[in-house]
Amino acid sequence: MTAPDAEVPAKSGPAPARDFIRQIVDEDNRVGKWGGRVHTRFPPEPNGYLHIGHAKSICLNFGLAKEFGGLCNLRFDDTNPAKEEVEYVDAIQEDVRWLGFSWDDRLFYASDYFEKLYAFAEQLIEKGLAYVDDLSQEEIRAYRGTLTEPGKDSPCRDRAPEENLDLFRRMRAGEFPDGAKVLRLKIDMQSPNVVLRDPVIYRIKHVEHHRTGNTWCIYPMYDYTHCISDALEGITHSICSLEFENNRPLYDWVLNQLPVPGHPQQIEFARLNLSYTVLSKRKLIQLVTEKVVSGWDDPRLPTLSGIRRRGYTPEAMRDFCERIGVSKADSQVDMALLEHCLREDLNARAKRLMGVLRPLKLVITNYPEGQAEDIHFPYHPEDASMGARQVPFSRELYVERDDFMEVPAKKWFRLAPGAEVRLRHAYYVTCTEVIKDPATGEVVELRCVHDPATKGGWSSDGRKVKGTIHWVSAAHALPAEVRLYDRLFTKENPTEGKGDFLDHINPHSLEVIENALIEPALADIPVGENVQFERLGYFCVDKDSTPQKRVFNRSVALKDSWAKAAR
RNA sequence: UGGGGCGUCGCCAAGUUGGUAAGGCACGGGGUUUUGGUCCCCGCAUUCGUGGGUUCGAGUCCUACCGCCCCAGCCA
């Protein structure tokens with residue numbers, strides 16, 4: 001049902017609001033700035049897994065291309081071999097595909113351009129716009145000045161182009177150790193924008209690159225690489241997040257000095273923040289390596305692989321990305337919106353089945369022992385096309401512990417001594433006896449009588465039963481493990497304030513129910529598929545499932561106005 | 001303290017020649033209902049960070065403040 005690799009369907013219905021980026025594209029098209037061309041790119045660094053914040057960017061970039069009949073490239077920004085790995089390259093592609101987007105043959109790597117980048121750097125040197133600096137890292141930092149004081153020129157700043165060229169070539173040849181020299185742009189050490197104070201564009205790193213191997217020992221830096229890569233690919237709109245706003249003058253500066261085929265427009269938007277979680281690669285990687293969670297695909301994580309395993313659908317993710325909008329204001333989106341998007345999607349498409357999380361035995365004393373019957377159960381109350389299955393019913397059932405109250409609260413419609421409820425699609429049943437463990441006082445069994453005339457869950461005498469509960473037949477039910485998830489952090493913004501964000505981990509973010517019981521049909525649901533456990537929530541089959549025991553992840557609970565009222 | 005951004009309902013977010021505050025989520029109320037689900041109604045900013053000013057009229061223009069975010073990696 002998650003339809004991996006499915007193309008994003010064309011949008012129907014009202015057009016989404018024109019965010020400021022779409023307005024820029026509209027205007028560009030109006031004046032013919034790019035000849036009607038729209039070409040974007042999604043440029044992840046393969047140094048971690050993608051998260052929901054990336055989904056926002058993916059939907060924006062690929063979505064924009066799709067809407068305007070343009071193209072969107074997938075480009076790995078792999079200029080720092082010390083941090084990047086193929087594992088991430090593979091995972092990222094899987095995630096983008098899962099979201100429903102494709103890049104056809106436009107899979108690129110910044111490392112594809114290393115040779116060109118190098119040649120451009122020599123040109124810059126020849127034009128006297130770049131120089132090799134011998135200063136140490138600490139010295140460069142000291143020379144850079146501070147936010148309020150201008151920097152000062154490096155002693156190497158006025159080296160002759162020929163000398164710079166010679167040095168730069170020897171850097172490439174591997175004549176110097178890591179950190180011995182760097183190539184810097186000659187811009188302005190007094191600039192109020194620190195980014196422009198002769199930025200380093202090449203550093204020496206004798207590190208093997210996941211794609212270029214040991215071909216290089218010097219690697220270009222982001223500011224230099226990104227703009228040129230964009231230009232080489234014919235990108236029209238280079239969309240990135242707000243923190244790169246300071247870098248835009250540098251982006252433009254580099255492209256203005258070089259004979260590149262075009263000059264894309266960099267546009268910055270506010271990255272996503274989600275309540276009760278963290279969305280930074282550094283923190284996510286920390287959660288994984290410090291084993292706070294089980295891995296990159298832990299269902300509690302906001303990584304796309306975690307979200308996918310949790311049971312979120314690409315449709316819900318895209319809807320979410322559309323609903324949050326695009327702007328330049330820092331914001332933190334309420335987790336409730338994400339959950340809403342999933343519920344809305346699954347409400348329409350998920351089969352309804354029954355599972356009991358915390359079983360309480362219920363015996364129907366006036367139902368013949370040894371008898372069983374099949375109950376007709378539609379898969380969806382509003383969509384008959386989804387079909388139906390037979391659910392076995394018998395004298396001994398299990399119902400949800402939470403559906404019984406020995407001393408009912410006011411407005412309680414479910415089981416209680418003497419109360420009549422409907423067993424969904426089966427019979428009306430009245431609780432006649434409550435059996436307790438004499439030692440602990442715990443309720444261990446309910447005795448009930450059923451009304452045979454209410455078969456199917458309906459009475460012809462106009463009798464009103466307000467409560468309907470779900471059930472499984474004791475003899476037919478199958479064991480299952482169910483994992484319930486809650487927010488990973490107890491603080492809305494775990495990063496805020498002093499102290500470590502790990503101090504705010506929610507100790508109850510995972511609850512494993514080992515002894516749940518499910519109806520037989522639930523055993524046939526394939527891994528990854530979403531279903532609704534009636535009255536409980538949407539669940540999906542986890543990959544940890546075995547033929548003996550299915551494992552379900554609760555993706556999101558159903559809205560529960562009773563629980564809300566009780567609170 | 002230099003530079004770059006941002007501030008419209010609890011959370012997002014429209015608002016584009018200034019003309020009298022969209023929508024979604026959340027929340028509250030009611031109806032329907034064999035999921036206390038769904039669905040359907042209704043309500044929810046005399047107000048746009050604040051103070052001045054221009055104007056017949058300002059969220060939209062001017063001005064002065066205030067608050068928050070980003071930048072001093074040989075990270076991206």
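First the proteins, then the strands, lettered A, B, ... as listed; each starts at 1. Computed from heavy atoms alone, side chains included, the values below leave out hydrogens, waters and symmetry copies.
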- With syn meaning chi within 90° of zero and anything else anti, the base of rG15(B) is anti
- Within the structure shown, what part of the strands sits under 4.0 Å from Ser331(A) by heavy-atom distance: base, sugar-phosphate, or nothing? sugar-phosphate
- Message: Using a heavy-atom cut-off of 4.0 Å across all strands, would you classify Gln137(A) as base, sugar-phosphate, or nothing?
- Response: base
- Task: Answer with base, sugar-phosphate or nothing: what part of the nucleic acid does Val465(A) contact at a heavy-atom distance below 4.0 Å?
- Result: nothing
- Message: Could you tell me how far apart Asp230(A) (CG) and rA76(B) (P) are, to the nearest whole angstrom?
- Response: 15 Å
Identify each atom pair where a protein N or O and an N or O of nucleotides 35-38 of chain B are less than 3.5 Å apart, giving names and distance.
residue: rU35(B); atom: O2; partner: Gln532(A); partner atom: OE1; Å: 2.8
residue: rU35(B); atom: O2; partner: Arg535(A); partner atom: N; Å: 2.8
residue: rU35(B); atom: N3; partner: Gln532(A); partner atom: OE1; Å: 2.7
residue: rU35(B); atom: O4; partner: Arg352(A); partner atom: NE; Å: 2.4
residue: rU35(B); atom: O4; partner: Arg352(A); partner atom: NH2; Å: 2.9
residue: rG36(B); atom: OP1; partner: Arg535(A); partner atom: NH1; Å: 2.9
residue: rG36(B); atom: O2'; partner: Ser561(A); partner atom: OG; Å: 2.1
residue: rG36(B); atom: O2'; partner: Trp562(A); partner atom: N; Å: 3.4
residue: rG36(B); atom: N7; partner: Arg414(A); partner atom: NH1; Å: 2.2
residue: rG36(B); atom: O6; partner: Phe413(A); partner atom: N; Å: 3.0
residue: rG36(B); atom: N1; partner: Lys411(A); partner atom: O; Å: 2.7
residue: rG36(B); atom: N2; partner: Lys411(A); partner atom: O; Å: 3.1
residue: rG37(B); atom: OP1; partner: Ser561(A); partner atom: OG; Å: 3.0
residue: rG37(B); atom: N1; partner: Glu382(A); partner atom: OE2; Å: 3.3
residue: rG37(B); atom: N2; partner: Glu382(A); partner atom: OE1; Å: 3.2
residue: rG37(B); atom: N2; partner: Glu382(A); partner atom: OE2; Å: 3.4
residue: rU38(B); atom: O2'; partner: Asn347(A); partner atom: ND2; Å: 3.0

- Task: May I ask you to establish whether Lys181(A) and Phe176(A) are in a cation-pi arrangement, using a distance under 6.0 Å from NZ or CZ to the six-membered ring centre and at most 45° from the ring axis?
- Result: yes
- OP1 or OP2 of rU16(B) sitting under 4.0 Å from any side-chain N/O of Arg30(A)? no
- Message: Angle between ring planes, His209(A) versus Phe114(A), binned at 30° and 60°: parallel, tilted or perpendicular?
- Response: perpendicular
- Task: Identify which nucleotide among rA13(B), rC75(B), rU1(B) has an atom closest to any side-chain atom of Lys83(A), counting heavy atoms from C-beta outward.
- Result: rC75(B)
- Message: Under 4.0 Å, counting only non-hydrogen atoms across every strand here, what does Ile375(A) touch: a base, just sugar-phosphate, or nothing?
- Response: nothing
- Item | Geometric class of the Tyr202(A)/Phe168(A) ring pair [parallel <30°, tilted 30-60°, perpendicular >60°] | perpendicular
- Query: Could you state the CZ-P distance from Arg271(A) to rA76(B), rounded to the nearest angstrom?
  - Reply: 15 Å
- Task: Check the distance between rU16(B)'s C1' and Gln23(A)'s CD and give it to me in whole angstrom.
- Result: 7 Å
- Message: Rounding to an integer number of angstrom, what distance separates rG52(B) and rG37(B) when you compare their P atoms?
- Response: 49 Å
- Message: Between rG24(B) and rA14(B), how far apart are the two C1' atoms, rounded to whole Å?
- Response: 11 Å
- Query: Taking atom P in both rC12(B) and rG49(B), what distance in whole Å separates the two?
  - Reply: 15 Å
- Rounded to whole angstrom units, what separation is found between the NZ atom of Lys281(A) and the C1' atom of rA76(B)? 8 Å
- Between rA76(B), rC25(B), rA14(B), which nucleotide gets closest to the side-chain atoms of Asn80(A)? rA76(B)
- Pick base, sugar-phosphate or nothing for Gln332(A), based on heavy-atom distances below 4.0 Å to the nucleic acid. sugar-phosphate
- Query: Any salt bridge between Arg424(A) and Glu534(A), counting N to O under 4.0 Å?
  - Reply: yes
- Integer-rounded Å distance: rU60(B) P and Phe20(A) CZ: 21 Å
- Before giving the answer on side-chain hydrogen bond (donor to acceptor under 3.5 Å, both in side chains), spell out for Tyr143(A) and Asp198(A) the whole-Å C-alpha distance, their side-chain angles and the decisive distance to 0.1 Å. CA-CA 10 Å; Tyr143(A) 274 67; Asp198(A) 288 11; over 6 Å; no
- With a non-hydrogen cut-off below 4.0 angstrom, is Ile204(A) in contact with a base, only sugar-phosphate, or nothing? nothing
- Query: Just checking Phe244(A): base, sugar-phosphate only, or nothing, at a heavy-atom cut-off of under 4.0 Å?
  - Reply: base
- Query: His450(A) pairs by ring pair (Phe, Tyr, Trp, His ring centres under 6.0 Å) with which of Tyr428(A), Phe393(A), Tyr427(A)?
  - Reply: Tyr427(A)
- So which nucleotide from rC74(B), rG73(B), rC27(B) ends up closest to the side chain of Arg141(A)? rG73(B)
- Task: For Ser136(A), answer base if it contacts any base atom (sugar-phosphate contacts may also be present), sugar-phosphate if it contacts only those atoms, and nothing otherwise; contact means non-hydrogen atoms under 4.0 Å.
- Result: base
- Item | Distance, rounded to the nearest Å, where Asp26(A) contributes CG and rU16(B) contributes C1' | 12 Å
- Query: Does rC68(B) pair with anything, Watson-Crick or G-U wobble, both distances under 3.5 Å, and if so, with which nucleotide?
  - Reply: rG5(B)
- Which whole-number value in Å describes the distance from Ile324(A) CD1 to rA13(B) C1'? 11 Å
- Task: Could you check how far CH2 of Trp253(A) sits from P of rG3(B), rounded to whole Å?
- Result: 23 Å
- In terms of side-chain heavy atoms of Asn246(A), which of rC74(B), rA76(B), rC71(B) is nearest? rC71(B)
- Query: Hey, are Asp78(A) and Arg211(A) close enough for a salt bridge, meaning a charged N less than 4.0 Å from a carboxylate O?
  - Reply: no
- Task: Go through residues 183-200 of chain A and report each residue with a non-hydrogen atom lying under 4.0 Å from RNA chain B, sorted by number.
- Result: Pro192(A), Val194(A), Val200(A)
- What residue pairs, at least two apart or across chains, pass salt bridge (charged side-chain N to carboxylate O under 4.0 Å, His left out) with a residue in residues 460-473 of chain A? Glu420(A)-Arg463(A), Asp451(A)-Arg463(A), Asp461(A)-Arg463(A)
- On RNA chain B, more 5' by nearest nucleotide between Glu84(A) and Gly457(A) is Gly457(A)
- Answer yes if the side chains of Ser238(A) and Arg41(A) hold a donor-acceptor pair under 3.5 Å, and no otherwise. yes
- Query: Taking the inter-plane angle between the rings of Phe552(A) and Phe533(A) on a 0 to 90° scale, is it parallel (under 30°), tilted (30 to 60°) or perpendicular (over 60°)?
  - Reply: perpendicular
- Task: Using the C1' atoms only, state how far rU20(B) lies from rG29(B), rounded to an integer number of Å.
- Result: 30 Å
With 3.5 Å as the limit, what N/O pairs link the protein to nucleotides 5-10 of chain B?
residue: rG5(B); atom: O2'; partner: Glu245(A); partner atom: OE1; Å: 3.3

- Task: Identify whether any heavy atom of Asn47(A) sits under 4.0 Å from a base atom; if not, whether one sits that close to sugar-phosphate; answer base, sugar-phosphate or nothing.
- Result: nothing
- Query: Aromatic rings Trp471(A) and Phe377(A): how do their planes relate, parallel, tilted or perpendicular, breaks at 30° and 60°?
  - Reply: perpendicular
- Task: Look at the side chain of Asp19(A) and decide which nucleotide, out of rC74(B), rA14(B), rC71(B), has an atom nearest to it.
- Result: rA14(B)
- Message: To the closest 0.5 Å, what do you measure between OG (Ser111(A)) and NE2 (His210(A))?
- Response: 5.5 Å
- Query: Residues in side-chain contact (heavy atoms from CB on, under 4.5 Å) with Asp319(A), at least two apart?
  - Reply: Arg323(A), Cys341(A), Glu344(A)
- Message: Counting the atoms with a prime plus P, OP1 and OP2 as sugar-phosphate, which does His340(A) contact under 4.0 Å by heavy atoms, base, sugar-phosphate, or nothing?
- Response: sugar-phosphate
- Sequence-distant partners of Ile201(A), side-chain contact (heavy atoms from CB on, under 4.5 Å), two or more places apart: Leu183(A), Leu185(A), Tyr224(A)
